[in-house]
There are 2 protein chains.
Amino acid sequence: MATGRTHRPATRSRGIPEATVARLPLYLRALTALSERSVPTVSSEELAAAAGVNSAKLRKDFSYLGSYGTRGVGYDVEYLVYQISRELGLTQDWPVVIVGIGNLGAALANYGGFASRGFRVAALIDADAAMAGKPVAGIPVQHTDDLEKIIKDNGVSIGVIATPAGAAQQVCDRLVAAGVTSILNFAPTVLSVPDGVDVRKVDLSIELQILAFHEQRKAGEEAASDGAGPAAVTREESARSADQGPDGDVPAVMPA
Amino acid sequence: MATGRTHRPATRSRGIPEATVARLPLYLRALTALSERSVPTVSSEELAAAAGVNSAKLRKDFSYLGSYGTRGVGYDVEYLVYQISRELGLTQDWPVVIVGIGNLGAALANYGGFASRGFRVAALIDADAAMAGKPVAGIPVQHTDDLEKIIKDNGVSIGVIATPAGAAQQVCDRLVAAGVTSILNFAPTVLSVPDGVDVRKVDLSIELQILAFHEQRKAGEEAASDGAGPAAVTREESARSADQGPDGDVPAVMPA
DNA sequence: GGTTGTGAACAGTTTCACAGCG
DNA sequence: CGCTGTGAAACTGTTCACAACC
């Protein structure tokens, strides 16, 4: 799939590593808390602790933004809040639509932190005609038929998909056709989008499976060392066989 | 992130890279779909397309699990489903508790994909005494006072925190003290946990901010090249796997 | 003194490209 | 021939450690 796109040649000065971008919101949150407590300055060590990273990483991250600190002193909280907000594009207003107002969509609509940082729920959209007009979080739900008009009238460029998996790609296509260029996908599906559109996904089931992997590993090692730990629950431990046998057939398979 | 450590010195042969682990659930989902359509074998190219990655990456990932393919042919779907499930620890039952039954907690409790893969909602816990006994998704909500007993009686090792930010660390401490060693955190807070406990976070507000960053950049470059077509930047690749995600300050209805 | 900013070493991840095998 | 499996190269991200500076 090509993905083509060379990297911007000018990716020298403005090129902030993706990993750094992903941490900026974390720093911003910690800084906002400090700001509310009227703390004037903070050292990389303190801020790093509050954000849950180590200080070297934080300093390196900030170095991509510029030299906003003062040696021997630290960083000015207000100034950094502003710089990071600007870098993230939070100094402007981002109207957002949420498509799929089920349990999750409603939870997202009610989510307070939404509005707090430049994001504004411009509309709620659902395919169920019976929901049309009903207010959720104070915003009336609109029908999918009007999706394109809603996007255009509100100048929406960020869409949140909270529909069932089966509807996600179709909704995605319509959002993109209407002008949306960033999508946050909660449906457990791989969305395909044209070049130029960003997709980020949030997938509960994947997160749990990753935890289960590590959990299983812990249980396995526990056996080797002690035995006194807290409970350990594996009911059906039964050997998780060391490794494959010489080939083998497929022993019972798993659930859906 | 967070979480940290994966060390284990002796983890050389069984050491599957974290990036690979994060993709296994994706492969598993694609394989399950193929399995349901009774597709017997699949090539790395086809499976990679279905999972939204490139084939070289997929083959490298599978090579960490063992040699489960057949040259010139591809992979046996059922066999791979089994192997990945086993590797992820999904052949056993994982009882999970959800703490904080607001909008989000309820959405999670109702989420079907939960039960489908070895995860079972063992209990719902909320601090609001008025909710006690009320069923959500068919499961009666229990009061926080009984948290420790619930964890122990059910042998729970995975906990989901969907409380407001202010309550998250306290809930986390109690979960850990009661024996939980893996936590999925939806509250917008950095949790601190002792060594040996895994935390993954899902933070909606962070995801949106990352999208806003890229959105802003697109808008900026548009000015430079402008003109016809979506020429701007692209990043078709599915974003990094979820690291953060939803929920923010007040997941709605939820008293501390 | 204290703390930032950063080059350089290191670690992890992705991609390439092709040998090896069915 | 076709497709997997994998070394090696390229790239991205993290950590170290210290010079520069207040």
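First the proteins, then the strands, lettered A, B, ... as listed; each starts at 1.
Residue A/Phe62 contributes atom CZ, which lies 16 Å from atom C1' of D/dT14 at whole-angstrom precision. Going from atom CD1 of B/Ile16 over to atom P of D/dT6 covers 14 Å, rounded to whole Å. Atom OH in B/Tyr68 sits roughly 19 Å away from atom C1' in D/dC3 (whole-Å rounding). Computed from coordinates, the A/Lys60 NZ to C/dA11 P distance equals 16 Å when rounded to whole Å. A straight line from CG of B/Leu65 to C1' of D/dT6 spans 14 Å, rounded to a whole angstrom. One atom, CG of A/Leu47, and another, C1' of C/dT3, lie 13 Å apart when rounded to the nearest Å. Atom CZ in B/Arg23 sits roughly 15 Å away from atom P in C/dG12 (whole-Å rounding). B/Glu18 has its CD atom 17 Å from the C1' atom of D/dT12, to the nearest Å.
Nearest to the side-chain atoms of B/Arg59 among the listed nucleotides D/dT14, C/dT4, D/dG5 stands D/dG5. Of the listed nucleotides (D/dT15, C/dT6, D/dG7), D/dT15 has the atom at the smallest distance from the side chain of A/Lys57. Taking the side chain of A/Ala19 as heavy atoms from C-beta on, and the options D/dT14, C/dT14, D/dG5, the nearest nucleotide is D/dT14.
Salt bridge present: B/Arg29 and A/Asp203 bring a charged side-chain N and a carboxylate O closer than 4.0 Å.
The salt bridge (Lys or Arg N to Asp or Glu O under 4.0 Å) analysis of residues 165-176 of chain A, with sequence neighbours excluded, yields the pairs A/Glu148-A/Arg174.
Inter-residue side-chain proximity for A/Val160 and A/Val99 is flagged as unmet; no heavy-atom pair is nearer than 4.5 Å. Proximity of A/Leu175 to A/Ile161: side-chain heavy atoms (C-beta onward) are separated by under 4.5 Å at one or more points.
A ring-centre distance under 6.0 Å is found for B/Tyr75 and B/Phe62.
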Output one line per pair: protein atom, nucleotide atom from nucleotides 19-22 of chain C, and distance, for all N/O pairs under 3.5 Å.
| unit_1 | atom_1 | unit_2 | atom_2 | d |
| --- | --- | --- | --- | --- |
| C/dG20 | N3 | B/Arg71 | NH1 | 3.2 |

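The phosphate of D/dT15 (OP1 or OP2) has a side-chain N or O of A/Asn54 nearer than 4.0 angstrom. The phosphate of D/dC3 (OP1 or OP2) has no side-chain N or O of B/Ser43 nearer than 4.0 angstrom.
The two residues B/Val81 and B/Ser85 have their closest heavy-atom pair at O-OG, 2.7 Å.
Using a 4.0 Å heavy-atom distance criterion, A/Tyr75 is classed as a sugar-phosphate-only contact.
With hydrogens and angles ignored, the 3.5 Å screen pairs no side-chain donor or acceptor of B/Thr70 with any backbone N or O of B/Val73.
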